[in-house]
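Below is one structure; the comments refer to it alone.
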Amino acid sequence: MTTNSDIPDALLAALRDARHVCVLTGAGVSAESGVPTFREAQDGLWAKYRAEELATPEAFLADPVLIWRWYRWRREIVADAEPNAGHRAIAALAERVPKLTLITQNVDNLHQRAGSRDVIEFHGNIFEDRCFADGSLQAGDDSTAVPTCTECGSNLRPGVVWFGEAIPEQALHDSCTAAADCDVFLSVGTSSLVYPAAGLADLARQNDATVVEINPNPTQHAASFDFCLAGNSGVILPELVNSLSL
Ligand code: BV8
C-alpha cells in the first residue's frame, strides 16, 4: 500500500493501460458540495437520530410523517447543492478511458448533474417516489405529509434502498460484473462500512484489479488497497485526470 497525496506514477501507468475502470463513490464525494456525510452527526432537529435508524422500513412503518419530513429536508439540501470538481473529474475520466463504470451509494443525483452517464444507483435515488406495497415508481405529491399511491392507496416511500432491504437486482448484477472485470477500481469517499457495496473492492482485488482508495481518512480496509490517496476527492480526482494527460 502506498499512501500519499501526489499521484504515484505506477497508478497513472495502470490507468493509462486500463481497458476498464470501475469507480465506487460514497457520501464523501459530495461533502465538498455541502451535503452532510452519513458519518457526520446530523444537525438541527435531526441531531438526535442516527441516519441508520431512520433509513429503515421499520422506522417508516412506525412514523411515516417523520421519515417523509427527513427525506424532504435532505431533498432540499441536495437540490440546492452543486456538483463539485470531484464529480466533474469522474465525468471527465469517463472520456479518457476506453470504459468506465460508475457505481454510487449516493442518492443525491450529483454525478448525473455533473454529466456522468449510466450511473449505477446502488442505493436508489432520493427524488423518486415508490409505492410502499409493490415498489412501483409513482408520481410524488408534496402537498401532503405522506403521499399515497394512486393505484392501490398504500403510502409512497422515497425510492432509496433502506437498511435490511435488497439492492436492486440489475444494479447489484451490473456492479458485481464491472468490479470483477475492471483493471482499476477506485473507491472514493466511502467509509466502506455498508454492505454489499463495501464488498465490491474485494471482488475487484480477487480479479487482479489495481484497487485504490481516495479518502482524507484512510478506512479500516486501507491496508488491503494497492494505493491510498489521502485527501479530498474534489482535489485528488482533478489532479489524477490532469496527470493522465501529461
Ligand atoms: C441488505 C440509502 C439484505 C438510504 C443506504 C455484512 C456485514 C455487516 C452488515 C451487513 C452485511 N450485509 C448486510 C448488512 C447489513 C447492512 C449494513 O451494511 N449495515 C452496516 C451499517 C454494518 N446492509 C444492508 O442492510 C443492505 N441490505 O443487506 O439486505 C437482503 C438481501 C436480500 C433480500 C433482503 C435483504 C442495504 C444497505 C443500504 C442502506 N441504504 N443509503 C438513504 O440514503 O437514506 S446506505 C448509506 O450509508 C449510503 O448510501 C452509504 O452506503 C452509507 C454511508 O456510507 P458512505 O457513503 O461511505 O458515507 P460515510 O458517511 O459512512 O463516510 C463518508 C466517507 O467519506 C468517510 O470515510 C470520510 O472520511 C470520507 N470523506 C469525507 N469528506 C471527503 C471524503 N472523501 C473524499 N473527499 C472528501 N471531501
Side-chain angles (χ1 to χ4, degrees), residues 3 5 23-43 46 49-60 66-75 77-78 81 83-90 103-111 119-130 135 157-169 171-173 175-176 186-203 212-222 225 228-240:
T3 298
S5 61
V23 181
L24 172 71
T25 64
V29 82
S30 295
E32 292 153 89
S33 297
V35 180
T37 67
F38 263 65
R39 274 332 90 199
E40 283 166 276
Q42 305 202 93
D43 55 16
W46 302 107
Y49 301 99
R50 288 180 53 247
E52 280 91 344
E53 289 161 355
L54 297 173
T56 65
E58 295 76 19
F60 185 75
L66 177 78
I67 300 307
W68 264 112
R69 209 180 298 141
W70 184 50
Y71 278 95
R72 285 177 174 149
W73 173 69
R74 289 174 62 194
R75 282 180 175 178
I77 290 173
V78 293
N84 63 60
H87 296 109
R88 291 192 293 276
I90 293 170
I103 306 162
T104 189
Q105 297 169 79
N106 302 341
V107 296
D108 59 25
N109 228 32
L110 290 174
H111 283 299
V119 179
I120 298 178
E121 297 180 310
F122 205 72
H123 291 161
N125 187 305
I126 198 170
F127 292 104
E128 288 177 355
D129 293 82
R130 290 181 177 276
R157 40 88 52 96
V160 298
V161 179
W162 282 330
F163 288 96
E165 293 186 324
I167 304 301
E169 221 170 305
L172 186 60
H173 173 269
S175 300
C176 291
L186 304 180
S187 180
V188 184
T190 182
S191 56
S192 302
L193 292 173
V194 173
Y195 286 79
L200 293 169
D202 303 328
L203 192 51
V212 182
E213 181 177 273
I214 299 175
N215 195 317
N217 312 298
T219 69
Q220 62 186 17
H221 305 279
F225 283 86
C228 282
L229 307 184
N232 290 347
S233 50
V235 174
I236 290 187
L237 289 170
E239 203 180 317
L240 186 148

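Both counts, for ligands and for their atoms, begin at 1 and track the order of listing.
At the top of the distance list for atom 79 (C) of ligand 1, counting protein heavy atoms only, stands Gly28 O, 3.2 Å. Looking only at protein heavy atoms, the nearest one to atom 50 (C) of ligand 1 is Gln105 OE1, 3.6 Å. In this structure, atom 52 (C) of ligand 1 lies nearest to the protein heavy atom Val194 CG2, 3.6 Å. Nearest protein heavy-atom contact of atom 61 (O) of ligand 1 is Arg39 NE, 2.5 Å. Among all non-hydrogen protein atoms, the one lying nearest atom 54 (O) of ligand 1 is Ser191 OG, 3.9 Å. Taking atom 41 (N) of ligand 1 as the reference point, the nearest protein heavy-atom neighbour is His123 ND1, 3.8 Å.
For ligand 1, the atoms closer than 4.0 angstrom to any heavy atom of Ala31 are 73 (N). Under a 4.0 Å criterion applied to the non-hydrogen atoms of Glu32, ligand 1 contributes the atoms 78 (N), 79 (C), 80 (N). The ligand atoms of ligand 1 that sit less than 4.0 angstrom from a heavy atom of Gly26 are 56 (O). Applying the 4.0 Å criterion to heavy atoms of Ala27 picks out, from ligand 1, the atoms 55 (P), 56 (O), 58 (O). Set against the non-hydrogen atoms of Asn217, the atoms of ligand 1 under 4.0 Å away are 68 (C), 69 (O).
Remark: ligand 1 and Thr219 share no N or O pair separated by less than 3.5 Å (distance only, no angle test). For ligand 1, none of its N or O atoms has an N or O atom of Val160 under 3.5 Å away. The distance criterion of under 3.5 Å between nitrogen or oxygen atoms is met by Val161 with respect to ligand 1. The shortest N or O to N or O distance between Ile167 and ligand 1 is not under 3.5 Å. Ligand 1 has no nitrogen or oxygen under 3.5 angstrom from a nitrogen or oxygen of Glu52. Between Val107 and ligand 1, not a single N/O pair is under 3.5 Å apart. Between Trp162 and ligand 1, no pair of N/O atoms sits closer than 3.5 Å.
Evaluated by nearest non-hydrogen atom to atom 1 (C) of ligand 1, the leading choice among Glu165, Arg74, Glu121 is Glu165. In this structure, of Ile214, Leu54, Asn215, the residue bringing a heavy atom nearest to atom 68 (C) of ligand 1 is Asn215. The residue from Phe163, Tyr71, Trp70, Tyr195 that puts a heavy atom closest to atom 6 (C) of ligand 1 is Tyr195. Of all the listed residues (Ala198, Ala166, Pro216), Pro216 holds the heavy atom that lies closest to atom 77 (C) of ligand 1. Counting heavy atoms only, Leu193 comes closest to atom 20 (C) of ligand 1 of the residues Val235, Leu193, Asn232, Asn84.
Not a single heavy atom of Ala197 sits less than 4.0 Å from an atom of ligand 1.
Residues Gly234 and Glu32 approach most closely at N-OE2, 3.0 Å, considering heavy atoms. When all heavy atoms are compared, the tightest approach of Arg157 to Glu165 is NH2-OE1, 2.9 Å. In plain terms, the two heavy atoms of Ala81 and Ser33 that are nearest each other are CB-O, 3.5 Å. Taking every heavy atom of both residues into account, Ala166 and Val161 meet most closely at O-CG1, 3.6 Å.
Ring geometry, His221 versus Tyr195: the interplanar angle exceeds 60°, so the pair is classed perpendicular (tilted spans 30 to 60°).
Closer than 4.0 Å to atom 14 (C) of ligand 1 lies none of the heavy atoms of the protein. Remark: atom 9 (C) of ligand 1 lies closer than 4.0 Å to no protein heavy atom.
For the pair Arg69 and Trp73, the cation does not sit on the ring face, since its NZ or CZ is not both under 6.0 Å from the ring centre and inside 45° of the axis.
Put simply, the side chain of Asp108 gets close to the backbone of Leu110: a donor and an acceptor are under 3.5 Å apart.
For the 3.5 Å distance criterion, the side chains of Ser30 and His87 qualify, holding a donor opposite an acceptor.
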